[in-house]
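These notes concern the structure reproduced below.
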2 protein chains.
Amino acid sequence: MVKKQLIMDKALELFSEQGFEATSVQQITERCGISKGAFYLSFKSKDELILALIDYFMMQITADIDQSVRSCSNEEELLYVFYFTTFRSFSKHSAFAKMFLKEQTQTFNEELISKHDYYDSHINESILYILDQLYGEQIEETKYDLLICIKGFIQIYSALYLRFNLPLDIDSLTKSLVEKTALLAEHSTIPFISGDIIRIIKEPIHEQVTTEHIAALIEQKIDDIENPIEQESLQILKDNLFKTNTSLAITKGLLENIKNNPQCKWISYLIREYYQL
Amino acid sequence: MVKKQLIMDKALELFSEQGFEATSVQQITERCGISKGAFYLSFKSKDELILALIDYFMMQITADIDQSVRSCSNEEELLYVFYFTTFRSFSKHSAFAKMFLKEQTQTFNEELISKHDYYDSHINESILYILDQLYGEQIEETKYDLLICIKGFIQIYSALYLRFNLPLDIDSLTKSLVEKTALLAEHSTIPFISGDIIRIIKEPIHEQVTTEHIAALIEQKIDDIENPIEQESLQILKDNLFKTNTSLAITKGLLENIKNNPQCKWISYLIREYYQL
DNA sequence: TATACTAATGACTAATCGGTCAATTGTCAA
DNA sequence: TTGACAATTGACCGATTAGTCATTAGTATA
């Protein structure tokens with residue numbers, strides 16, 4: 001599916017420059033050097049394209065953040081690692097980040113909102129995990145305000161950087177934000193986010209990670225994977241989902257096989273969560 | 001110009017629900033109960049409409065914020081007054097705030113960006129004024145990071161509130177943000193925003209307030225004003241712009257005459273700045 | 001070379017867009 | 001009541017949109 005990738009690349013360029021609605025399928029196909037018909041061989045509709053883009057990148061970004069946070073052994077560095085990974089991801093996928101920033105407040109598509117909420121809730125969990133690890137009970141009251149503020153920091157600094165296309169000194173930005181976050185965590189006492197609001201924020205809880213969900217995801221991705229080892233690993237992982245008494249060692253090994261393919265990051269993230277690895 | 005107001009009202013509703021691009025002129029005229037031709041009697045184009053909306057509301061909001069900040073005598077309350085006025089304004093004009101949040105990241109119109117920058121720079125000045133008053137030299141290094149963080153707080157909490165249409169306890173939110181801001185101002189030591197970035201941020205400096213600019217603005221607004229006293233006051237203020245040795249007392253009195261008309265807030269703000277009142 | 005199959009094309013449709021303008025309606029002074 | 005003028009209408013325009021499909025080009029097998 002090289003064609004699909006080509007379309008996604010060029011479309012992302014255009015979306016980040018002009019926005020989704022302002023970009024026509026014609027423009028996309030022209031930049032790809034293909035015909036209009038060819039576009040609709042790869043994607044059923046223009047909407048499906050943007051949803052695919054969001055999935056493709058958000059899976060990577062979200063899994064990236066989660067992984068580096070969970071694998072960080074040094075508590076001192078937890079916040080640093082989180083911010084650093086986040087901005088490095090945004091920096092790496094800056095065209096996507098730009099598009100995402102443009103479209104995230106748009107209401108034009110119900111499915112887009114729910115997708116946004118889905119990944120957002122995963123990121124929320126990563127942040128809450130960090131806060132829990134670092135401060136625990138100490139910030140029981142202000143926890144959700146901290147969550148909001150951290151996301152506010154990320155959003156406003158990202159927007160600044162993406163707006164002017166500045167070269168970003170991630171280390172410096174991260175250090176600055178770590179200090180700010182720590183200050184708020186350790187000294188702020190007046191919460192705003194009340195129990196009611198928390199419930200509303202949390203409402204779009206991401207569905208329980210089910211065997212069917214993972215299996216469907218593998219099914220969907222498996223044909224796009226070119227490396228035969230990775231493909232077989234995915235197949236076995238999928239089959240094992242429906243067996244009992246599967247070897248955790250084998251599972252871990254299989255996960256190791258696919259860990260370098262960015263397309264598999266999300267799946268392995270979900271499987272790790274599923275088996276509590 | 002009652003028709004113009006009707007169109008702006010209904011269009012704002014639609015824009016805040018669906019976004020600007022997704023709303024057609026047809027939809028607007030249908031909701032107004034007028035014909036398509038009638039729309040184009042009031043506005044030269046759809047673009048002119050959104051620019052008018054932004055001017056109409058941003059003038060009020062920006063002037064509101066500036067006025068309450070500058071007229072706050074108690075230094076202790078400065079930050080509180082700023083946040084409170086800001087959120088009260090957003091709350092009062094929530095449909096506009098919603099639309100603005102949707103469209104602010106859109107690139108589709110050069111003029112829209114420059115308008116955004118124009119009002120943004122005014123708000124920046126209000127915030128920097130507060131920071132200067134409260135902390136002065138003490139935050140020389142971190143001043144612009146504070147500016148960014150304050151705007152980040154406002155943005156993320158507004159988005160939260162507007163997204164879920166929650167009833168907003170402004171006082172509570174404001175107290176929470178005042179504490180956070182004070183913490184950052186008093187204790188943060190690691191700046192990120194460097195001199196280079198400041199220059200880029202400041203670049204779209206709003207033009208010097210000129211006599212011609214104010215006169216043109218009055219000219220443009222004066223026919224929409226229905227109250228004859230307000231209309232005459234504006235006329236005299238405009239004429240006085242081109243005279244030397246005008247009485248400051250008279251100017252102040254005239255400003256007093258128009259202070260209750262929201263349409264005049266921006267003009268009186270500029271005139272006050274012009275005469276250094 | 002002939003056949004069978006897939007990949008790719010671009011002219012086409014139906015709908016909608018922002019914007020125009022000749023025709024109609026409403027209003028008020030003479 | 002008439003006539004002059006302003007306000008309002010909605011059919012219409014050209015451009016553009018997302019999406020379709022009969023046709024063609026390319027490729028692999030027999």
Side-chain angles (χ1 to χ4, degrees), chain A residues 1-55 99 102-103 106-112 115 222-224 226, chain B residues 1-55 99 102-103 106-113 115 223-224 226:
Chain A
M1 280 287 121
V2 190
K3 183 70 60 63
K4 214 165 173 169
Q5 195 60 51
L6 173 71
I7 294 173
M8 285 172 78
D9 278 357
K10 301 299 181 188
L12 180 60
E13 282 175 26
L14 286 163
F15 290 164
S16 73
E17 290 163 13
Q18 317 172 335
F20 174 73
E21 293 222 64
T23 302
S24 68
V25 175
Q26 185 108 351
Q27 280 179 289
I28 298 170
T29 58
E30 270 168 20
R31 188 169 289 198
C32 290
I34 62 170
S35 70
K36 212 163 175 196
F39 174 90
Y40 284 96
L41 289 176
S42 293
F43 296 95
K44 275 205 283 279
S45 68
K46 198 184 157 192
D47 276 342
E48 199 190 82
L49 168 60
I50 197 175
L51 292 175
L53 275 173
I54 290 178
D55 270 333
M99 182 199 81
K102 268 202 220 303
E103 306 302 337
Q106 289 285 3
T107 328
F108 63 86
N109 190 317
E110 195 56 45
E111 204 175 341
L112 206 149
K115 234 176 226 325
I222 198 160
D223 291 329
D224 296 348
E226 284 166 5
Chain B
M1 278 288 118
V2 190
K3 184 70 60 62
K4 214 165 174 173
Q5 195 61 51
L6 174 72
I7 294 173
M8 285 173 77
D9 278 358
K10 300 300 181 187
L12 181 60
E13 282 176 27
L14 287 162
F15 290 163
S16 73
E17 290 162 13
Q18 318 173 334
F20 174 72
E21 294 223 64
T23 301
S24 67
V25 174
Q26 186 107 351
Q27 281 179 287
I28 298 170
T29 58
E30 270 167 20
R31 189 169 288 200
C32 290
I34 61 170
S35 70
K36 215 167 173 191
F39 174 90
Y40 285 96
L41 288 177
S42 293
F43 295 96
K44 274 206 282 277
S45 69
K46 197 184 158 194
D47 277 341
E48 199 191 81
L49 167 59
I50 196 175
L51 293 175
L53 275 172
I54 291 179
D55 270 333
M99 182 199 81
K102 269 203 220 305
E103 306 304 338
Q106 289 286 5
T107 327
F108 63 87
N109 189 318
E110 195 56 46
E111 205 175 342
L112 205 149
I113 295 177
K115 232 173 228 324
D223 290 330
D224 296 349
E226 283 166 4

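Hydrogens, waters and symmetry mates are skipped; everything else that's a heavy atom, side chains included, is used.
- A 6.0 Å sphere centred on CD of A:Glu111 holds no more than 12 heavy atoms belonging to other residues, nucleotides or ligands.
- Between A:Phe15 and A:Leu49, some side-chain heavy-atom pair lies under the 4.5 Å cut-off.
- Sorted by first and then second residue, the salt bridge (Lys or Arg N to Asp or Glu O under 4.0 Å) pairs with a member in residues 26-43 of chain B read B:Glu13-B:Arg31, B:Glu17-B:Arg31; sequence neighbours excluded.
- Residues forming a side chain to side chain contact (heavy atoms under 4.5 Å, CB included) with B:Ser45 (at least two apart in sequence, or on another chain): B:Asp47, B:Glu48.
- A 4.5 Å side-chain heavy-atom check between B:Phe20 and A:Glu21 finds every atom pair outside the cut-off.
- Atom CD of B:Glu30 and atom C1' of C:dT16 are 12 Å apart (whole Å).
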- line: Its contact letters, B for base, S for sugar-phosphate only and - for none at protein heavy atoms under 4.0 Å, make nucleotides 7-20 of chain D read -BBB------SBBB
